[in-house]
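Heads up: numbering here begins at 1 and tracks the sequence.
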Amino acid sequence: MQTRGSNLQELKIKWHDYQEHNPKVRIRDAAKALEVSELELLATGIGESVTVLKPEWPAIISGVHKLGYVMALTRNEACVHERKGEYKNASAPSSRMGLVVGEDIDLRIFYSHWAYGLAVQEEQKRSLQFFDKFGVAVHKIHLNDKSNVSNFEQLVKAYQAEEAIEISIEKESPDKEEELLDNEIDTEGFLQDWAKLQDTHEFFGLLGKYKVTRSQSLRIAEGKFTQKASAQVVIKMLETASQANLEIMVFVNSPGMIQIHTGAVKNILIRGEWWNVMDPEFNLHLRSDLIDSVYIVKKPTKDGEVSSIEVLDKQGNMIVQFFGKRKPGKPENVEWKDLLEKLSI
């Protein structure tokens, strides 16, 4: 295993020492302080509290429903999305992509980004944790008092790697995508095709066709399909949705996962730079100081216009997206549309 100049035993000692002096530290923060990846820190427990899993991701995720009630966690640098429930209706249309489509746990999975899976059992805490080739967490599944521990142990035993799997961390590439200059893009054609969209899922293909990054597309379409807004629009929307009991959709992505909450957001709390939703089944933690740009975005579809709030960081990476609750084939919620109109004034 590559540990950036430090062997595994030395890292294990450093990690234990750091925990002793910082007992409440989160492993992600400790990894930054020790200048290693989160995966590398967890790997120091292999053979003790950590079990390496076979890279049979669709099969493992299909078996998670047997664990019953758990907590799904997906995050990026600026936002954490935690949703409790059961992993129902798991499928894998291909070896590269998968779905979990339940009322509680709703996931769009990109297995091509998954490199390592670990089962972690520390005292009474049990979890399944998945990482990309850079050692960045893609998705985590945490058990709780309502989860089926026996089935967790059976799942780990069934998918435990029979042979040692070398964990080799690659150096992470720069966050920001390379962009063409605006004058190198057929902006007229891009906007014309945007106007012809029939489904929001077609938007990704549109970006690829014109070689436009997500952040660049929002800027190019400003005044026609997008409107730039202040970061305060996000917290105002959450507070208004809470007061109105308006059900919304919250999308947060990691390198290999999109996790979605659909429903109400009730308990909105501001703690320093963190903007939080703290509900029994759903928690959202958003670092407001890492928000660089916010856009109100409109996309035409065969069911009518669909509006969203899209939040990006300085590198142009998507932090979080908000939509009104809707089902395919149904028009957008009028209350959500009215809310965005008031926020855009």
Side-chain angles (χ1 to χ4, degrees), residues 75-79 81 108 110 113 172-238 240 248-255 257-258 260 273 275 284 286-301 304-324 326 332 336-345:
R75 68 164 300 161
N76 51 54
E77 190 66 28
C79 195
H81 190 297
R108 306 294 176 268
F110 306 96
H113 291 275
E172 195 162 6
S173 56
D175 289 332
K176 189 173 178 62
E177 296 179 70
E178 288 188 15
E179 287 187 345
L180 296 175
L181 296 175
D182 287 0
N183 60 15
E184 296 177 303
I185 296 168
D186 177 7
T187 55
E188 184 177 349
F190 175 70
L191 294 174
Q192 286 177 351
D193 280 357
W194 187 322
K196 298 174 185 176
L197 290 172
Q198 294 293 298
D199 189 294
T200 55
H201 297 99
E202 296 175 356
F203 190 70
F204 183 75
L206 183 64
L207 299 180
K209 177 180 178 180
Y210 287 92
K211 299 180 180 178
V212 179
T213 65
R214 188 68 174 245
S215 58
Q216 191 174 29
S217 75
L218 300 179
R219 187 181 69 249
I220 289 172
E222 193 170 347
K224 187 163 186 179
F225 297 110
T226 71
Q227 178 181 342
K228 198 164 189 180
S230 72
Q232 289 297 317
V233 160
V234 177
I235 193 66
K236 288 179 182 177
M237 178 276 295
L238 289 171
T240 304
I248 65 173
M249 301 179 76
V250 185
F251 291 64
V252 171
N253 68 283
S254 72
M257 178 70 76
I258 298 174
I260 307 164
E273 71 272 16
W275 294 346
L284 185 77
L286 172 61
R287 274 191 61 174
S288 59
D289 59 320
L290 295 183
I291 295 174
D292 181 69
S293 59
V294 176
Y295 286 88
I296 296 175
V297 183
K298 297 180 180 181
K299 300 186 184 80
T301 75
E305 192 173 70
V306 172
S307 308
S308 62
I309 295 176
E310 304 199 356
V311 184
L312 295 88
D313 65 16
K314 287 183 179 179
Q315 288 74 39
N317 299 314
M318 185 68 69
I319 296 174
V320 58
Q321 292 175 284
F322 301 95
F323 293 81
R326 64 179 290 269
E332 183 170 69
W336 170 254
K337 198 178 191 71
D338 290 344
L339 171 56
L340 291 194
E341 288 296 328
K342 291 176 182 176
L343 290 174
S344 63
I345 295 174

Next on the checklist: Tell me every residue that passes side chain to side chain contact (heavy atoms under 4.5 Å, CB included) with Ser293, counting only those two or more places apart in sequence or in another chain.
Outcome noted: Lys228, Tyr295, Leu312
Checklist outcome for this item: Hits for side chain to side chain donor-acceptor pair (under 3.5 Å) against Asp289, two or more places apart or cross-chain, chain-then-number order -> Arg287
Checklist entry - Can you say whether the rings of Trp194 and Phe225 are parallel (under 30°), tilted (30 to 60°) or perpendicular (over 60°)? => result parallel
Next on the checklist: According to side chain to side chain contact (heavy atoms under 4.5 Å, CB included), who are the partners of Thr200, at least two apart in sequence or on a separate chain?
Outcome noted: Lys299, Thr301, Val306
Item to check | Partners meeting salt bridge (Lys or Arg N to Asp or Glu O under 4.0 Å) with Glu332 (sequence neighbours left out) | outcome: Lys337
Checklist entry - Applying salt bridge (Lys or Arg N to Asp or Glu O under 4.0 Å), which residue pairs with at least one partner in residues 201-213 are found, sequence neighbours left out? => result Asp193-Lys209
Checklist entry - side chain to side chain donor-acceptor pair (under 3.5 Å) with Glu77: which residues, sequence neighbours excluded? => result Arg28, Lys32
Checklist entry - Heavy-atom distance under 4.5 Å between the side chains of Gln227 and Ser344, does that happen here? => result yes
Checklist entry - Under 4.5 Å between any side-chain heavy atoms of Val212 and Glu179, yes or no? => result no
Checklist outcome for this item: Sorted by chain and residue number, the side chain to side chain contact (heavy atoms under 4.5 Å, CB included) partners of Asn76 (sequence neighbours excluded) come out as Ala78, Cys79, Val252, Asn253, Ile319
Next on the checklist: For a 4.5 angstrom cut-off between non-hydrogen side-chain atoms, does Val250 reach Leu284?
Outcome noted: yes
Item to check | Minimum side-chain heavy-atom gap Arg108-Ile260 below 4.5 Å | outcome: yes
Distance-only criterion, 3.5 Å: show the donor-acceptor pairs between side-chain atoms of residues 184-191 and protein atoms not counting sequence neighbours.
{"residue": "Glu184", "atom": "OE1", "partner": "Leu181", "partner atom": "N", "Å": "2.7"}
{"residue": "Asp186", "atom": "OD1", "partner": "Gly189", "partner atom": "N", "Å": "2.9"}
{"residue": "Glu188", "atom": "OE2", "partner": "Gln192", "partner atom": "NE2", "Å": "3.4"}

Checklist entry - Looking at residues at least two apart in the chain, or sitting in another chain, which of them share a side chain to side chain contact (heavy atoms under 4.5 Å, CB included) with Ser230? => result Gln232, Val233
Checklist entry - Residues in ring-ring contact (aromatic ring centres under 6.0 Å, His included) with Phe322, at least two apart? => result none
Next on the checklist: For Arg75, give me all partners under salt bridge (Lys or Arg N to Asp or Glu O under 4.0 Å), at least two apart in sequence or on another chain.
Outcome noted: none
